[in-house]
Number of protein chains: 2
Amino acid sequence: MTNQQKLTISDIAKLANVSIATVSRYLNGQLNQMSEATAQKIKKIITETDYIRNSAAVQLAKKRSNLVAVVASNIDEYFSSEYFKGIVSILSAFGYIGVLLDSDSNLKTEKAHLESVYNQNFAGIILQPLTTDSAVIRKFLNHNMPIVLIDRELADLEMSSVTTNNFEIAKYAMAQLSPDSFSSVTVITEPVKKLSTRVARVAGIKTVFDQVNVIETRSEHFDVNQLATTVDLNNPKNLLVVLKERLLIQLLTHPSFLMQAHQTQNITGFIDTAMPRYLAPNFKFIQQSPYLMGASAAEILIKHLSSANNDYQQNIQNIIVPSHYK
Amino acid sequence: MTNQQKLTISDIAKLANVSIATVSRYLNGQLNQMSEATAQKIKKIITETDYIRNSAAVQLAKKRSNLVAVVASNIDEYFSSEYFKGIVSILSAFGYIGVLLDSDSNLKTEKAHLESVYNQNFAGIILQPLTTDSAVIRKFLNHNMPIVLIDRELADLEMSSVTTNNFEIAKYAMAQLSPDSFSSVTVITEPVKKLSTRVARVAGIKTVFDQVNVIETRSEHFDVNQLATTVDLNNPKNLLVVLKERLLIQLLTHPSFLMQAHQTQNITGFIDTAMPRYLAPNFKFIQQSPYLMGASAAEILIKHLSSANNDYQQNIQNIIVPSHYK
DNA sequence: TTGTACGCGTTATCAT
DNA sequence: ATGATAACGCGTACAA
C-alpha cells in the first residue's frame with residue numbers, strides 16, 4: 001500500500017513542466033487552448049500519479065457544488081427508492097450526483113437533514129416533505145437554493161412540485177367499482193393529518209360514497225386481527241380502500257382474504273409494486289409512477305439550476321404525473 | 001422572497017464589530033476563548049442574518065469532509081434501506097452525514113459511483129460491492145480513504161467488512177429441516193457468479209444435501225409458472241431454498257403454494273422483512289439483521305476515520321453479524 | 001499557447 | 001480575549 005502524500009495541481013504542474021493554469025485548463029477540458037503535446041504530457045503525469053482534484057477547492061473557486069440532496073420521508077417505502085432512481089437517471093446526465101437522505105418518518109430527523117443540506121451547500125434539493133410547516137423550507141428559497149417538492153405539496157408556499165392526481169384517480173377508481181354494489185366504504189390509512197396526498201385521496205373517495213369510515217393506523221403497529229374486531233372484513237357490501245401499499249399487502253395476505261381472492265373485488269388501494277397483483281390477480285389497483293415522478297422532479301430542478309440566480313419564481317412548475325387504475 | 005447576497009464570515013465580523021478570527025472561533029464552539037458579551041453579540045448577528053458557513057471553504061481549510069458515501073448494490077432491496085438506516089444512526093452520532101448512492105445492479109453504474117466518491121473527497125465509503133474485481137477498490141486504499149465492505153467480501157484484498165454467517169446458517173437451517181424427509185433440494189437464486197454471499201449459502205446447503213439443483217434467475221424476469229415446468233413445486237420430497245426474499249415472496253404468493261401453506265414446510269429461504277411470515281405463518285426462515293450490519297459497518301468506519309493517517313491496515317476488522325433460523 | 005497573480009471563504013498560528 | 005494574516009487547492013482574468 002503506497003502512502004502517497006496528497007498531490008496538488010502545482011505538483012502536477014512541476015512534474016509536467018507547465019504552469020498550474022495549463023493543468024487547470026486540462027482538467028476542465030479546455031483542450032483546444034493548448035498544444036496536443038502538452039495535453040499528452042499532462043495526461044501522462046496525471047494517470048501515472050493517480051492525481052485527483054480537491055473538490056472542496058474546486059467548489060470554493062467555482063462557487064458551486066454538483067451534489068443534489070434528495071430527502072425522502074422514509075426509504076422503507078418502495079416508492080422512495082423508485083423515485084430516487086428516476087431522479088438519479090436525469091441528474092447524472094447533467095453531471096450532478098444525487099444523494100439520498102432518509103427522514104425515517106421522523107420530523108426531527110427531517111429538520112436535521114434540511115439543516116445539513118443547507119449547511120453543506122448542495123446545489124439543490126428535492127424533498128418529499130414530512131412537515132407541513134413551510135417555514136422550515138422558506139429558508140432555502142431565501143438563499144436561492146433551488147428546491148422541488150415531490151409526492152406532497154405544501155399549502156401556503158409556492159414552489160415547484162411533482163405530485164400525482166390523487167383526488168381524480170381516487171374518484172375515478174371509486175366510480176369504476178360500481179358504487180351501487182357497496183353500501184359503505186372503509187378507508188385504511190396512516191394518519192391523515194394535513195398531508196396533501198392523503199387528504200386528496202379521501203376527498204376523492206367521498207365524492208362518490210357518502211358512508212366513508214376512515215381508520216387511521218401506523219403500518220409498524222398495524223394488526224389485521226385487531227382491525228377485524230371493529231370492521232367486518234368479509235362484508236361484501238363494504239368496500240375497503242387502503243391508501244398505502246404496505247397496509248394493503250398485510251390485508252391481502254390475511255387468511256380471510258386469501259380465501260376470497262377470486263371473488264368479486266371488495267378491496268383496492270394505492271400500489272407501487274406488482275406484489276398486490278400477485279396476491280389478487282383479478283383485482284384492480286391504483287398504480288403510481290414513482291420513477292417518472294422522480295425524473296420529472298429532477299428535470300425541474302435542472303431548470304432551476306441552470307437558469308440565472310434570481311428567477312426561481314419565474315420557473316416554478318407544478319407537474320402532475322397521473323396514476324392509473326388498472 | 002428576500003434575495004440576500006451570500007454573507008461571509010467577514011460580513012458577520014463587521015456587523016458584530018469583531019475580527020473574523022473571533023467569529024470563526026465562535027462558529028467552532030471555542031466559546032471559552034471569548035467574553036460572554038462578544039459571544040452573545042455574534043450569536044445575535046448570526047441568527048438575525050441567517051448566516052451559514054460555506055462548507056467548501058471549511059473543508060478546504062480543515063482538510064476534511066464530513067460526508068460518508070454509502071454505495072448500495074440496489075436500493076430496491078429492503079435489505080439496503082435497512083442497513084443504510086443502521087449506518088446513518090451511528091454516523092450522525094459522530095457528526096458525519098451518510099449519503100446513499102445506488103448502483104442499480106449495474107457494474108458500470110457502480111464504477112461511476114466509485115469514481116465520483118473518489119473525486120468528491122468524501123471522508124470514507126461503505127460499499128456493498130457488485131464487482132468482484134478488487135482492482136477498482138484498491139485505489140481507495142492507496143489514497144488512504146477508509147473503506148468498509150458490507151454484505152459481501154472480496155476474495156483477494158484485505159479490508160474491513162461486515163457480513164453474515166451465510167455458510168453456517170444455511171447449513172444449520174438445512175439440518176433443522178429433518179434432511180431425511182427430503183430426497184433433493186432445489187436452490188433458487190439470482191446468478192451466483194462469484195458473489196461471496198451466494199457462494200457461501202450454496203456451499204452450506206451442500207454440506208447437508210447431496211442432491212442440490214441450483215436454478216439461477218433474475219428477479220426482474222422471474223416467472224413462477226415457467227419454473228413450474230422444470231421443477232415440481234408440489235413434490236413434498238423436494239425442498240425449495242430461495243436465496244432472495246423477493247423470489248421467495250413470488251413463490252409463496254403463487255396459487256399452488258397458497259393452498260398448502262399450512263402443511264409441512266417444504267420451502268424456506270433468506271428474508272429481510274416479515275412479509276414471508278404473513279404468507280406462511282408456520283414456516284421458518286433465515287432472517288438477516290441488516291440494520292445491525294449497517295451499524296457495525298459504520299462503527300468500523302468511524303474507527304478508521306478517527307485513527308491516524310496510515311494505520312488502516314492495523315485497524316482492519318471483519319465482523320460477522322449472525323442471521324437466525326426461526 | 002502558456003504563465004502570473006489574485007480571489008474564493010474559512011481555519012489556525014502567532015501576536016498583542 | 002482579540003486581531004492580523006498566512007495557508008488550504010483551485011479557477012480565471014489578464015498578460016505575455
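In what follows, chains carry the letters A, B, and so on, assigned in the order in which the sequence lines appear, proteins first and then strands, with residues in each chain numbered from 1.
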(request) Check the distance between C:dT1's P and A:Y26's OH and give it to me in whole angstrom. (result) 16 Å
(request) Send over the distance from A:Q59 CD to D:dG11 P, rounded to a whole Å. (result) 12 Å
Quick test: give all pairs of protein nitrogen or oxygen and nucleotides 9-13 of chain C nitrogen or oxygen below 3.5 Å, distance rounded to 0.1 Å.
{"unit_1": "C:dT10", "atom_1": "OP1", "unit_2": "B:Y51", "atom_2": "OH", "d": "2.4"}
{"unit_1": "C:dT10", "atom_1": "OP1", "unit_2": "B:N54", "atom_2": "N", "d": "3.0"}
{"unit_1": "C:dT10", "atom_1": "OP2", "unit_2": "B:I9", "atom_2": "N", "d": "2.4"}
{"unit_1": "C:dT11", "atom_1": "OP1", "unit_2": "B:N28", "atom_2": "OD1", "d": "3.4"}
{"unit_1": "C:dT11", "atom_1": "OP1", "unit_2": "B:N28", "atom_2": "ND2", "d": "3.1"}
{"unit_1": "C:dT11", "atom_1": "OP1", "unit_2": "B:R53", "atom_2": "NH1", "d": "2.8"}
{"unit_1": "C:dT11", "atom_1": "OP2", "unit_2": "B:S24", "atom_2": "OG", "d": "2.6"}

(request) Ignoring backbone atoms, test whether B:T22 places a side-chain nitrogen or oxygen under 4.0 Å from the OP1 or OP2 oxygen of D:dG3. (result) yes
(message) Under 4.0 Å between a side-chain nitrogen and a carboxylate oxygen: does that hold for B:K44 and B:E48?
(response) yes
(message) Hydrogens and angles aside, do A:R25 and A:N32 bring a side-chain donor and acceptor to less than 3.5 Å of each other?
(response) no
(request) Search all heavy atoms of B:S89 against all heavy atoms of B:S92 and return the closest pair with its distance. (result) O-OG, 3.5 Å
(request) Check B:I150, B:I319, B:I87 against B:M293 for a side-chain contact (heavy atoms from CB on, under 4.5 Å) and give me the one that passes. (result) B:I150
(request) Quickly work out the B:I12 CD1 to D:dG3 P distance and round it to whole Å. (result) 15 Å
(message) Nearest whole Å is fine: how far is D:dT2 P from B:E36 CD?
(response) 11 Å
(request) Rounded to the nearest angstrom, tell me the gap between atom NZ in B:K41 and atom P in D:dA1. (result) 14 Å
(message) Testing the 3.5 Å rule here: is there a donor-acceptor pair between the side chains of A:S161 and A:N318?
(response) yes
(message) Please report the distance, rounded to the nearest Å, between CG in A:L31 and P in C:dT1.
(response) 11 Å
(request) Start with the C-alpha gap between B:L31 and B:Y26, add the side-chain angles, then the distance that decides, and say whether side-chain contact (heavy atoms from CB on, under 4.5 Å) holds. (result) CA-CA 6 Å; B:L31 299 180; B:Y26 174 87; 3.6 Å; yes
(request) Give a yes-or-no answer on whether the side chains of B:Q128 and B:S73 include a donor-acceptor pair shorter than 3.5 Å. (result) yes
(message) Would you say A:S103 and A:H113 are linked by a side-chain donor-acceptor pair, where the criterion is simply a distance under 3.5 Å?
(response) no
(message) In whole Å, I'd like the distance from the CG atom of A:N17 to the C1' atom of C:dG3.
(response) 13 Å
(message) Once you apply a heavy-atom cut-off of 4.0 Å, does B:N32 come out as touching a base, just sugar-phosphate, or nothing?
(response) sugar-phosphate
(message) Without decimals, in angstroms, what is the distance between B:Q33 CD and C:dC14 C1'?
(response) 13 Å
(message) When the axes are fitted on five pairs at both termini, how much does the helix from C:dT1-D:dA16 to C:dT16-D:dA1 curve, in 10° steps?
(response) 30°
(message) One thing to verify: whether B:K111 and B:E115 come together as a salt bridge, which I'm taking to mean a side-chain N less than 4.0 angstrom from a carboxylate O.
(response) no
(message) Quick check on D:dT2: is either OP1 or OP2 less than 4.0 Å from any side-chain nitrogen or oxygen of B:S35?
(response) yes
